[in-house]
Trainee: 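Would you mind keeping the following structure in view while I ask a few things?
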Number of protein chains: 2
Amino acid sequence: MKLLEKECTESDPLVCADRILETTPLVMRVIRSEIRSRRPADLSVPQFRVLAFLKRHPGAGVSAIAEHIGITMPTASKLIDGLVNRELIAREASPEDRRRVSLKVTKAGESAWKASRRDLQPKIAGMLANLSPEDIAAISRAMEVLRSVFGQEQDTNGHC
Amino acid sequence: MKLLEKECTESDPLVCADRILETTPLVMRVIRSEIRSRRPADLSVPQFRVLAFLKRHPGAGVSAIAEHIGITMPTASKLIDGLVNRELIAREASPEDRRRVSLKVTKAGESAWKASRRDLQPKIAGMLANLSPEDIAAISRAMEVLRSVFGQEQDTNGHC
DNA sequence: TATTGTTATACTCTATAACTATA
DNA sequence: TATAGTTATAGAGTATAACAATA
């Protein structure tokens with residue numbers, strides 16, 4: 001249980017929920033504004049996530065994206081429209097089931113995703129630079145736990 | 001440094017940034033959909049945050065909100081319009097400087113905020129219920145650290 | 001009939017640019 | 001001239017409801 005320094009009620013789920021509620025929008029806003037500032041690489045957060053998902057699941061359809069990203073099908077469909085129009089992903093009818101579409105990331109999409117990531121990741125990392133290694137490791141672990149709880153997608157794409 | 005179980009590169013800021021980038025949108029989406037499902041209490045995340053800020057800083061103006069919430073003035077102005085129309089906040093001209101507006105939360109706004117919070121917090125807490133106390137405490141601490149890094153507003157409203 | 005997508009419509013959040021009113 | 005805020009305009013993300021096409 002470590003020390004008493006901060007032992008008040010930190011293991012109380014309600015306190016934890018409160019902090020998640022306060023902190024998450026702050027982090028999100030930084031991510032969004034950072035993404036937005038990177039014109040013309042210019043991928044929104046949802047677009048970035050669609051590309052990431054599609055890189056992991058080439059050939060996936062609209063419903064798979066909607067489900068795993070956590071949006072409705074019309075929303076996913078429109079999001080995909082935008083990416084197809086910009087030729088960042090390719091959409092074609094599935095041969096065996098012609099209701100389905102098969103989506104995959106194009107070369108350009110791959111580049112755009114990498115560019116976004118190349119800018120974003122060090123920016124966020126830079127904001128963490130002054131933290132202690134212990135704090136950083138704690139955040140890393142907390143994110144893993146949260147992902148398992150909040151993520152529809154149990155990916156276990158083990159970084160380790 | 002604890003054990004070796006997960007010791008790979010967790011204290012690497014880049015790895016940590018990666019996880020933040022992956023996890024934060026997932027958490028955010030749950031929060032949003034949860035907020036949205038609570039009709040007719042029906043506060044969006046930005047609205048919720050404006051009310052929270054205004055509770056802490058009654059009499060604040062549009063620019064203060066914009067700055068602390070992290071949005072532009074027109075965005076804040078419109079957001080405020082919506083809340084004023086619904087009579088969740090009150091807007092009046094500042095007596096000493098008539099360019100400024102003075103905003104405060106109304107009774108109805110207070111109720112709406114509390115209702116949103118009353119629903120949201122236990123919902124999020126419920127999702128954490130199966131985690132170990134250690135995990136929960138770790139998330140709590142991680143959120144505190146992240147808030148200090150990503151928050152424009154250094155509130156130190158010590159819950160402890 | 002059930003599934004996969006898309007279209008239609010509407011609302012919120014967001015920004016930039018241009019404007020008004022006050023200091 | 002500079003500051004506080006609003007209006008105009010535009011675009012993305014989101015949803016629900018209604019629809020088409022295929023199975």
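Residue numbers start from 1 in every chain, and the chains themselves are labelled A, B, ... in the order their sequence lines are given, proteins ahead of strands.
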Trainee: Within a strict 4.5 Å, meaning less than it, do heavy atoms of the B:Met143 and B:Leu146 side chains meet?
Mentor: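 Of all side-chain heavy-atom pairs linking B:Leu146 with B:Met143, at least one is under 4.5 Å.
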Trainee: Of the residues in residues 97-111 of chain B, which ones touch DNA chain C at a heavy-atom distance under 4.0 Å?
Mentor: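 Close to the strand are B:Asp97, B:Arg98, B:Arg99.
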Trainee: Quick one: label A:Gly61 by what it contacts on the DNA or RNA (base, sugar-phosphate, nothing), any heavy atom closer than 4.0 Å.
Mentor: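 A:Gly61: backbone/sugar contact only, no base atoms under 4.0 Å.
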Trainee: What's the CG-P distance between A:Leu88 and D:dA12, to the nearest Å?
Mentor: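 So the CG-P distance, A:Leu88 to D:dA12, works out to 13 Å.
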Trainee: Do the side-chain N or O atoms of A:Thr75 get closer than 4.0 angstrom to the phosphate oxygens (OP1, OP2) of D:dA15?
Mentor: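 Yes, such a contact exists.
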Trainee: Whole angstrom is fine here: how far is it from CZ in B:Arg32 over to P in D:dG13?
Mentor: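 Computing the B:Arg32:CZ to D:dG13:P distance gives 11 Å.
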Trainee: May I have the distance from B:Met28 (atom CE) to D:dA12 (atom C1'), rounded to whole angstrom?
Mentor: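 So the CE-C1' distance, B:Met28 to D:dA12, works out to 16 Å.
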Trainee: By nearest nucleotide on DNA chain D, pick out whichever of A:Pro74 and A:Pro95 is the more 5' one.
Mentor: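 Final value for this comparison: A:Pro74.
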Trainee: Quick check: any donor-acceptor pair below 3.5 Å linking the side-chain of A:Lys78 to the base of D:dT14?
Mentor: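 Looking at the base of D:dT14, it does pair with a donor or acceptor on the side chain of A:Lys78 (distance under 3.5 Å).
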Trainee: In whole Å, I'd like the distance from the CD atom of B:Glu34 to the P atom of D:dT14.
Mentor: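 Atom-to-atom, B:Glu34 to D:dT14, this comes out as 17 Å.
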Trainee: Between B:Arg49 and A:Glu22, is there a salt bridge with N-O shorter than 4.0 Å?
Mentor: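 No.
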Trainee: Which heavy atom of A:Leu51 sits nearest a heavy atom of A:Gly109, and at what distance?
Mentor: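 In this case the closest contact between A:Leu51 and A:Gly109 is CD1-O, 3.8 Å.
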Trainee: Give the rounded distance in Å between these two atoms: CD of A:Glu92 and P of C:dT6.
Mentor: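 So the two atoms are 13 Å apart, to the nearest Å.
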Trainee: Nearest whole angstrom, please: distance from the P of D:dG5 to the CD of B:Glu67.
Mentor: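 In whole Å, D:dG5 P lies 12 Å from B:Glu67 CD.
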Trainee: Map A:Asp81 and B:Leu79 onto DNA chain C by nearest heavy atom, then report which one ends up closer to the 5' terminus.
Mentor: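 Looking at DNA chain C, the more 5' nearest nucleotide goes with A:Asp81.
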Trainee: Under 4.0 Å between a side-chain N or O of B:Ser77 and OP1 or OP2 of D:dG5?
Mentor: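 It does not, given that no N or O in the side chain of B:Ser77 lies less than 4.0 Å from OP1 or OP2 of D:dG5.
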Trainee: Which is true for A:Ser63 with a 4.0 Å heavy-atom rule: it touches a base, it touches only sugar-phosphate, or it touches nothing?
Mentor: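 Counting heavy atoms under 4.0 Å across all strands, the contact made by A:Ser63 is with sugar-phosphate only.
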Trainee: State whether B:Thr72 places a side-chain N or O below 4.0 Å from either non-bridging phosphate oxygen (OP1 or OP2) of C:dT14.
Mentor: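 For B:Thr72, the contact criterion (side-chain N or O under 4.0 Å from OP1 or OP2 of C:dT14) is not met.
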Trainee: Do B:Val105 and B:Leu88 have side chains that approach each other closer than 4.5 Å (heavy atoms only, starting at C-beta)?
Mentor: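 A side-chain contact under 4.5 Å is absent here.
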Trainee: Under a 4.0 Å N-O cut-off, is there an ion pair linking A:Glu92 with A:Lys104?
Mentor: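 Result for this pair is no, no salt bridge flagged.
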Trainee: Starting at CG of B:Asn85 and ending at C1' of C:dT12, how long is that distance when rounded to a whole Å?
Mentor: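 From B:Asn85 CG to C:dT12 C1': 14 Å.
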Trainee: Both B:Val62 and A:Glu96 contact DNA chain D. Taking the nearest nucleotide for each, which residue is further toward the 5' end?
Mentor: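 The residue closer to the strand's 5' end, by nearest nucleotide, is B:Val62.
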Trainee: What integer distance in Å separates B:Met73:CE from D:dA2:C1'?
Mentor: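 Answer to the nearest Å: 12 Å.
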Trainee: Give a yes or no on whether a salt bridge exists between A:Arg147 and A:Glu144, defined as a side-chain N under 4.0 angstrom from a carboxylate O.
Mentor: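 Salt bridge: yes.
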Trainee: Any salt bridge linking A:Arg141 with B:Asp135? Criterion: basic side-chain nitrogen under 4.0 Å from a carboxylate oxygen.
Mentor: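 No.
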